[in-house]
Amino acid sequence: MRIPIILGPTAVGKTELLIELSKKYNFQIISMDSRQVYKLMNIGTAKPTEEENKLIRHHLIDYVDPEEHYDVNKYLKDSKIIEEKLLSNGIAPVYAGGTGLYADAITKGLVEGIPGNDFVRKALKNIDRNQSGYLYKILKTVDPVAFNKIHLNDSKRISRYLEAFMLNGIPLSKLQNNNQMDKKYQIIFLNRDRKELHNRISKRVDSMINKGLFEEVLKLYKMGYNKSNGSIRTIGYSEVFDYLDGTIGKEECIELIKRNTRRYARRQIIWFRRYVDSIQINLSDTDTKNILMIFSIIFNDFWGDNYGRKI
RNA sequence: GGUGAGGUAGCUCAGUAGGUAGAGCAGUGGACUGAAAAUCCAUGUGUGGAGGGUUCGAUUCCCUCCCUCGCCA
């Protein structure tokens, strides 16, 4: 029994494909998406609709309040619970999404026992604001390995390594494992020709707006959320907040959402390329019939003849 | 048809008193171990509209043509 992890950049067509596959195979999806976890954020995160969720069950979606803190560790814990539950019930789990960090955590594990600490973070942020470059100097003495990997301007990462040292007394870089990928998992990387992906992104953003993205964000805006909420730092939400604040115009806002989505997709692709052992499928040069055939081979290989298949 | 301005990177434009060109945006490559749709780093060769002339040498000067925009008929 192997567990597929289907990764692909935003708008590549994961949901459509999974729905097709669900007609032939009996499996459930463990979403691997850091934004679809939030309640009230449906249109902008391209969360599967209720109907889609009926066709194929998605887990780890729509279960966190937008003001709640969420991170990899929580994801890792929640997903492993669901994975085990599905397996013990004889249901094949399929991970699917686009958050690379989460895929790393699932397949390689995570350093344990060093949670983020808001108090420490705020303190570090204040120091950084007043004395630029100071934290970087401290990092050099505290965790030279990390110091060598991290750029002076990457204050977020500098703070994280300092935070870990302050809370633990051990350099975080010492605790980081170099674990190989767990062979239990197989990454399947769905991609498309860049130009086509860009067209799909543009169309999808337009359709989000038609479905009421601005109204959805306005609701959150009126509820008093702001960019200090991690959830709001999401493409489509952050830009509309700026529009509602009057910082940018509507047309500009839409263009920015598209641009930022394109850039995000590029970063995702760059991340997924690192999985050298992944099965890569370019959806631009394969038709649906072929893709279904490829997956039937993969799933047969992973699950055997009588696991997952619908008769 | 006449006349003026212009045609330079995917887009908007700059510049070269003749020595094959550079900004912004877009794009691209990369990093990533408890904020990750986040955060950070790096990255500009393009038939200078086409053809011809002058010149050691033309994107730059001259001629012809094509195209775009404005104005006049």
Side-chain angles (χ1 to χ4, degrees), chain A residues 7-11 31-38 41 43-47 64 66-79 97-118 120-122 124-125 128 136 143 145-146 148-161 163-164 167-168 171-179 181 194-195 197-198 201-202 204-205 208 227-241 252 255-275:
Chain A
L7 296 176
T10 182
S31 166
M32 190 172 259
D33 189 299
S34 67
R35 303 292 137 157
Q36 292 183 1
V37 298
Y38 292 113
M41 297 171 64
I43 298 168
T45 62
K47 201 181 283 175
V64 179
E67 72 262 20
E68 224 176 291
H69 177 81
Y70 192 84
D71 61 38
V72 210
N73 186 245
K74 184 140 183 12
Y75 176 78
L76 188 59
K77 280 185 182 150
D78 292 349
S79 60
T99 304
L101 180 66
Y102 292 5
D104 261 24
I106 294 286
T107 58
K108 296 179 191 161
L110 201 69
V111 175
E112 275 176 49
I114 312 170
N117 183 304
D118 271 351
V120 174
R121 283 179 188 186
K122 268 179 201 154
L124 289 172
K125 202 170 182 182
D128 192 45
Y136 196 52
D143 190 339
V145 176
N148 282 320
K149 298 201 292 195
I150 298 172
H151 191 274
L152 165 70
N153 294 342
D154 200 349
S155 51
K156 199 163 162 178
R157 232 161 234 114
I158 293 169
S159 290
R160 169 60 186 157
Y161 280 83
E163 168 191 70
L167 296 171
N168 202 41
L172 179 57
S173 63
K174 269 202 179 139
L175 302 170
Q176 289 169 345
N177 54 58
N178 285 311
N179 289 353
M181 290 233 318
R194 197 61 64 91
K195 208 160 188 183
L197 190 63
H198 286 177
I201 286 170
S202 176
R204 193 167 76 165
V205 171
M208 281 176 177
K227 284 191 178 180
S228 70
N229 298 105
S231 55
I232 301 305
R233 313 211 65 172
T234 295
I235 297 168
Y237 296 82
S238 165
E239 295 84 352
V240 175
F241 265 63
E252 189 185 359
E255 270 321 299
L256 280 173
I257 294 172
K258 289 181 179 177
R259 184 198 70 182
N260 291 338
T261 307
R262 272 181 248 129
R263 289 180 175 177
Y264 169 51
R266 175 165 58 81
R267 273 179 278 132
Q268 288 179 299
I269 290 166
I270 287 169
W271 185 297
F272 302 150
R273 288 208 265 246
R274 295 195 309 178
Y275 299 123

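Every chain is numbered from 1, with letters handed out A, B, ... down the list of sequences.
- Look at A/Asp154 and A/Lys149 and you find no salt bridge, because none of the NZ, NE, NH1 or NH2 atoms lies under 4.0 Å from a carboxylate O.
- Using Watson-Crick or G-U wobble geometry with both donor-acceptor distances under 3.5 Å, B/G34 finds no partner in any strand shown.
- If you take CZ of A/Phe272 and C1' of B/G29, they are 17 Å apart, rounded to a whole angstrom.
- One interatomic measurement links the two molecules: CG of A/Asp104 to P of B/A36, which rounds to 14 Å at whole-angstrom precision.
- Heavy-atom neighbours of A/Glu112 CD from other residues, nucleotides or ligands within 6.0 Å: at or below the threshold of 12.
- Comparing the P positions of B/A42 and B/G4 gives an interatomic distance of 49 Å, to the nearest angstrom.
- Using cut-offs of 30° and 60° on the angle between ring planes, the pair A/Tyr75 and A/Tyr102 is parallel.
- Between B/A17 and B/C11, the two P atoms lie 27 Å apart (nearest whole Å).
- Residue side chain A/Arg266 reaches the base of B/G29 through a donor-acceptor N/O pair under 3.5 Å, judged by distance alone.
- Side-chain atoms of A/Arg157 come within donor-acceptor range of the base of B/A38, with a qualifying N/O pair under 3.5 Å.
- Comparing B/A50 with B/C67, their C1' atoms are spaced 10 Å from each other, to the whole Å.
- Nucleotide B/G51 is matched to B/C63 when pairs are restricted to Watson-Crick or G-U wobble geometry with both distances under 3.5 angstrom.
- Contacts of A/Asp33 with the nucleic acid, taken as non-hydrogen atoms under 4.0 Å apart, include base atoms.
- The partner of B/G22 is B/C13, by the rule that a Watson-Crick or G-U pair needs both atom distances under 3.5 Å.
- A/Glu163 and A/Asn117 share no donor-acceptor pair across their side chains, judged by distance under 3.5 Å alone.
- Residue-level contact check: A/Tyr75 touches neither bases nor backbone, having no heavy atom under 4.0 Å from any strand.
- For A/Ser231 (side chain) and A/Pro66 (main-chain N/O), a donor-acceptor pair under 3.5 Å exists by modelled atom type.
- We find that NE2 of A/His151 is positioned 14 Å from C1' of B/U43, with the value rounded to whole Å.
- Pair check for B/U68 finds B/A5; Watson-Crick or G-U wobble, both atom distances under 3.5 Å.
- Whole-Å rounding puts the A/Lys174 NZ to B/U33 P distance at 18 Å.
- When both pairing distances are held under 3.5 Å, B/U43 makes a Watson-Crick or G-U pair with B/G27.
- Put simply, CD1 on A/Ile114 is 10 Å from C1' on B/U33, counting in whole angstrom units.
- Of all heavy-atom pairs spanning A/Tyr275 and A/Met181, the tightest one is CD2-SD, 4.1 Å.
- Within 4.0 Å of A/Thr99, counting heavy atoms only, lie sugar-phosphate atoms of the nucleic acid but no base atom.
- At whole-Å resolution of the value, NZ in A/Lys156 and P in B/G34 are 11 Å apart.
- Distance A/Gln268 CD to B/A31 P: 15 Å, rounded to the nearest Å.
- Atom CG of A/Leu110 is separated from atom C1' of B/A35 by 13 Å (rounded to the nearest Å).
- Using P as the reference atom, B/G27 and B/C71 are 35 Å apart when rounded to the nearest Å.
- Taking the ring axis of A/Trp271 as reference, the NZ or CZ atom of A/Arg274 stays within 45° of it and closer than 6.0 Å to the ring centre.
- Atom name C1', nucleotides B/A23 and B/A9: the rounded distance is 11 Å, in whole Å.
- When the P atom is compared between B/U39 and B/G46, the two are found 32 Å apart, to the nearest whole Å.
- Checked against B/A35, B/U33, B/G29, the side chain of A/Arg194 finds its nearest nucleotide in B/G29.
- Nearest to the side chain of A/Gln176, among B/G34, B/A38, B/U33, sits B/U33.
- Among the atoms of the strands shown, none is found under 4.0 Å from any heavy atom of A/Tyr237.
- Counting any heavy atom pair closer than 4.0 Å across all strands shown, A/Leu175 reaches no nucleic acid atom.
- Distance noted for atom P between B/U68 and B/C62: 24 Å (whole Å).
- If you take atom C1' in B/G29 and the same atom in B/C66, they sit 39 Å apart, rounded to whole Å.
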